[in-house]
Amino acid sequence: MAAERVVVDECRGVLFVYSDGAVERRAAPGFTTPVRDDGSVEWKDAVFDAARGLGVRLYRPRERGGGRLPVFFYYHGGGFCIGSRTWPNCQNYCLRLAAELGAVVVAPDYRLAPEHRLPAAFEDAENALLWLASQARPGGDTWVAEAADFGRVFVSGDSAGGTIAHHLAVRFGSASGRAELAPARVAGYVQLMPFFGGVERTPSEAACPDDAFLNRDLNDRYWRLSLPAGGATADHPFSNPFGPASPDLAAAEFAPTLVVVGGRDLLRDRALDYAARLAAMGKPVEALEFEGQQHGFFTIDPWSAASGDLMRAVKRFVDTDGGGGGGVARLDG
């Protein structure tokens with residue numbers, strides 16, 4: 001008699017992994033959030049990887065004046081297992097980014113685990129950035145080319161998207177990497193509560209309550225489902241930038257980097273440690289901690305007071321091309 005098929009892993013009511021290896025996904029997120037679109041931003045979808053069926057959602061302010069706008073990438077979060085550029089929380093955040101930064105916002109999708117384990121998401125993120133660079137060349141999408149300042153590209157992402165931003169900073173952090181992107185140029189990176197891991201628990205991980213938006217159980221489940229099969233641990237280079245087998249970051253030429261941290265986030269200690277280690281290497285990095293805020297607060301409620309403070313900090317970073325910061329700043333969330 002065949003064994004009964006049961007769910008062995010589940011992520012936020014969206015992803016279900018069964019005992020026979022089958023994977024079921026639901027297209028809509030497990031929450032209801034209305035999209036607040038006041039018409040001040042126009043947007044459209046495009047395809048950046050037809051072979052894999054991967055798309056990107058593009059946003060730009062309707063009123064742009066005569067100048068070109070910086071380009072701001074936003075890679076969504078979801079532990080490399082869930083999430084989409086089409087989800088309403090992503091849509092709301094990107095609408096606000098385009099309006100308040102005065103930017104062309106680029107929100108790509110990427111392949112998800114466990115069907116496509118890492119490094120699939122990193123490869124797709126690279127291709128999305130290279131696709132953007134190709135729009136600056138003859139034959140590019142005029143909707144993008146007529147508005148974008150390709151010399152001022154900022155790469156951002158939240159949670160798993162923040163980890164993607166780190167890997168892109170390393171991947172293109174050399175003369176040869178920058179040449180691949182020409183004529184586009186990355187002026188800075190914004191890592192929003194990056195999803196880093198490690199075998200040894202940090203104090204913020206050990207103290208994280210079970211009812212947190214991102215708790216230890218879900219954190220570990222995401223890594224179990226997304227890291228390469230065959231026994232990879234959270235110290236793998238894909239998850240731990242300072243793990244025993246991780247490449248030395250000293251040689252990477254980082255563009256200015258802003259690391260955003262939540263004071264109540266399970267990932268707080270890893271993000272602050274990451275920023276401190278990069279700063280010790282002489283990299284142009286600053287950390288901004290929002291005290292009292294949980295993981296993903298700015299997409300959970302893009303119109304909260306803390307989200308407004310974050311938007312102003314990101315705008316300052318973009319307007320100064322990543323200049324004027326350093327060290328760790330803390331804001332009362």
Visitor: Do Val318 and Arg152 have side chains that get closer than 4.5 Å, going by heavy atoms?
Guide: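 Yes, side chains in contact.
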Visitor: Enter the distance from Met193:CE to Ser159:OG here, rounded to the nearest 0.5 Å.
Guide: 9.5 Å
Visitor: Report yes or no: does Asn89 contribute a side-chain atom to a donor-acceptor pair with the main-chain N or O of Thr299 at less than 3.5 Å?
Guide: no
Visitor: Is Asp109 paired with Arg52 through a side-chain N to carboxylate O contact shorter than 4.0 Å?
Guide: no
Visitor: Identify whether the distance between the nearest side-chain nitrogen and carboxylate oxygen of Glu286 and Arg316 falls below 4.0 Å.
Guide: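 Result for this pair is yes, salt bridge flagged.
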Visitor: Kindly say whether Gly39 contributes a backbone atom to a donor-acceptor pair with the side chain of Arg62 at under 3.5 angstrom?
Guide: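 Looks like yes, one N/O pair under 3.5 Å.
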Visitor: Start with the C-alpha distance between Phe196 and Leu267, add both sets of side-chain angles, then the distance that settles side chain to side chain contact (heavy atoms under 4.5 Å, CB included), and finish with yes or no.
Guide: CA-CA 7 Å; Phe196 294 136; Leu267 301 173; 5.8 Å; no
Visitor: Report yes or no: does Arg221 contribute a side-chain atom to a donor-acceptor pair with the main-chain N or O of Glu10 at less than 3.5 Å?
Guide: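 Looks like yes, one N/O pair under 3.5 Å.
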Visitor: Considering only NZ, NE, NH1 and NH2 on the basic side and carboxylate oxygens on the acidic side, decide whether Asp141 and Lys44 come within less than 4.0 Å.
Guide: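 Yes, charged N to carboxylate O under 4.0 Å.
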Visitor: Donor-acceptor pair, Arg68 side chain versus Ala148 backbone, under 3.5 Å?
Guide: yes
Visitor: Which atom pair, heavy atoms only, marks the closest approach of Lys315 to Glu100?
Guide: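 Heavy atoms only, the tightest pair is CD-O, 3.4 Å.
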Visitor: First locate atom CZ of Phe213, then atom CG of Leu218, and finally report the distance between them rounded to the nearest 0.5 Å.
Guide: 8.5 Å
Visitor: Check whether Arg60 reaches the backbone of Glu42 with its side chain - one donor and one acceptor, N or O, closer than 3.5 Å.
Guide: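 Answer holds: no.
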Visitor: Do Leu227 and Phe80 have side-chain heavy atoms sitting under 4.5 Å apart?
Guide: no
Visitor: Same cluster or not: Leu54 versus Leu129, using hydrophobic residues (I, L, V, M, F, W, Y) connected whenever any side-chain heavy atoms lie under 4.5 Å apart?
Guide: yes
Visitor: Output the distance between atom CG (Leu310) and atom CG (Leu192), rounded to the nearest 0.5 Å.
Guide: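 Interatomic distance, Leu310 CG to Leu192 CG, rounded to 0.5 Å: 6.0 Å.
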Visitor: For Ala46, enumerate each residue passing the side chain to side chain contact (heavy atoms under 4.5 Å, CB included) test, keeping only those at least two apart in sequence or located in another chain.
Guide: Val56, Leu58, Trp131
Visitor: Do Phe298 and Phe290 have side chains that approach each other closer than 4.5 Å (heavy atoms only, starting at C-beta)?
Guide: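 Side chain of Phe298 against side chain of Phe290, heavy atoms only: no contact under 4.5 Å found.
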Visitor: Please name all residues satisfying side chain to side chain contact (heavy atoms under 4.5 Å, CB included) with Thr257, sequence neighbours left out, ordered by chain then number.
Guide: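 Listed in chain order: Tyr189, Gln191, Phe254, Val259, Val285.
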Visitor: Side chains of Glu126 and Tyr110: donor-acceptor distance under 3.5 Å anywhere?
Guide: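 Side chains of Glu126 and Tyr110: no pair found under 3.5 Å.
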Visitor: Kindly indicate whether the side chain of Thr163, heavy atoms from C-beta on, has any atom under 4.5 Å from the side chain of Phe238.
Guide: no
Visitor: Do Val155 and Phe172 have side chains that get closer than 4.5 Å, going by heavy atoms?
Guide: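 The answer is no, as the side chains (C-beta and beyond) never meet within the 4.5 Å cut-off.
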Visitor: Would you say the side chain of Arg36 lies within less than 4.5 Å of the side chain of Leu95, judging by non-hydrogen atoms?
Guide: no
Visitor: Would you indicate whether the side-chain heavy atoms of Leu214 and Tyr222 approach each other to under 4.5 Å?
Guide: yes
Visitor: Following the transitive rule for hydrophobic clusters with a side-chain heavy-atom cut-off under 4.5 Å over Ile, Leu, Val, Met, Phe, Trp and Tyr, establish whether Tyr59 and Val35 coincide in one cluster.
Guide: yes
Visitor: For the pair Arg270 and Asp273, find out whether any cationic side-chain nitrogen is under 4.0 Å from an anionic carboxylate oxygen.
Guide: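 Looking at Asp273 together with Arg270, the answer is no, because their closest N to O distance does not fall below 4.0 Å.
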Visitor: Do you know the tightest heavy-atom contact between Ser239 and Ala234?
Guide: OG-O, 2.6 Å
Visitor: Measure the shortest side-chain to side-chain distance between Gln293 and Val261 over non-hydrogen atoms and say whether it is less than 4.5 angstrom.
Guide: no
Visitor: Do any N or O atoms from the side chain of Asp9 and from the backbone of Val17 form a donor-acceptor pair under 3.5 angstrom?
Guide: no
Visitor: Quick one: do Phe16 and Val23 end up in the same hydrophobic cluster if we chain Ile, Leu, Val, Met, Phe, Trp and Tyr together by side-chain heavy atoms under 4.5 Å apart?
Guide: no
Visitor: Using the side chain to side chain contact (heavy atoms under 4.5 Å, CB included) rule, take His295 and Ile300 through it: C-alpha gap first, then chi angles, then the decisive distance, then the call.
Guide: CA-CA 9 Å; His295 190 77; Ile300 294 171; over 6 Å; no
Visitor: So which atom in Ala27 and which in Trp87 form the shortest heavy-atom distance, rounded to 0.1 Å?
Guide: O-NE1, 3.2 Å
Visitor: Does any donor atom in the side chain of Tyr74 or Asp158 lie under 3.5 Å from an acceptor atom in the other side chain?
Guide: yes
Visitor: Any side-chain donor-acceptor pair under 3.5 Å between Asn215 and Asp210?
Guide: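 Per modelled atom types, Asn215 and Asp210 side chains form no pair under 3.5 Å.
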Visitor: Following the transitive rule for hydrophobic clusters with a side-chain heavy-atom cut-off under 4.5 Å over Ile, Leu, Val, Met, Phe, Trp and Tyr, establish whether Leu97 and Trp303 coincide in one cluster.
Guide: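 Not linked; separate clusters.
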Visitor: Checking side chain to side chain contact (heavy atoms under 4.5 Å, CB included) for the pair Val199/Asn240: CA distance, chi angles, key distance, verdict?
Guide: CA-CA 9 Å; Val199 171; Asn240 187 349; over 6 Å; no
Visitor: Which value, rounded to the nearest 0.5 Å, describes the distance between Ile164 atom CD1 and Leu118 atom CG?
Guide: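 So the gap between those two atoms works out to 8.0 Å.
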Visitor: Is it true that a side-chain atom of Glu180 and a backbone atom of Ala182 form a donor plus acceptor pair closer than 3.5 Å?
Guide: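 No, the answer is negative, given that no donor and acceptor are paired below the 3.5 Å cut-off.
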Visitor: Restricting to side chain to side chain donor-acceptor pair (under 3.5 Å), what partner residues turn up for Arg268, sequence neighbours left out?
Guide: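 Once residues adjacent in sequence are excluded, the partners of Arg268 under the side chain to side chain donor-acceptor pair (under 3.5 Å) criterion are Glu289.
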Visitor: To check you understand the geometry: which heavy-atom pair defines the closest contact between His76 and Cys90, and what is its length?
Guide: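 Scanning both residues completely, I find the closest heavy atoms to be CB-SG, 4.5 Å.
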Visitor: Strictly distance-based, threshold 3.5 Å: is any side-chain N or O of Lys283 a donor or acceptor partner for the main-chain N or O of Ala275?
Guide: no
Visitor: Grouping I, L, V, M, F, W and Y whenever their side-chain heavy atoms are under 4.5 Å apart, do Leu15 and Val8 come out in a common cluster?
Guide: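 Yes, one cluster joins them.
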Visitor: Backbone N or O of Tyr93 within a donor-acceptor pair of the Arg96 side chain at under 3.5 Å?
Guide: no
Visitor: Can you check whether Ser204's main-chain N or O pairs, donor with acceptor, with Asp269's side chain at less than 3.5 Å?
Guide: yes
Visitor: If you look at every heavy atom in Ala287 and Leu272, which pair is closest and at what distance?
Guide: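 Closest heavy-atom pair between Ala287 and Leu272: CB-CD2, 4.2 Å.
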Visitor: Would you please say whether a donor-acceptor pair under 3.5 Å links the side chains of Asp38 and Ser40?
Guide: yes
Visitor: Identify the heavy atoms of Phe154 and Gly322 that sit nearest to each other, and give their distance.
Guide: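 Closest approach of Phe154 to Gly322: CE2-N, 4.5 Å.
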Visitor: Answer yes if the ring centres of Phe122 and Tyr75 are under 6.0 angstrom apart, and no otherwise.
Guide: no
Visitor: Between CG of Leu69 and CG of Leu101, what distance do you get to the nearest 0.5 Å?
Guide: 10.5 Å
Visitor: In Å, rounded to the nearest 0.5 Å, how long is the span from OG of Ser134 to CG of Asn127?
Guide: 10.5 Å
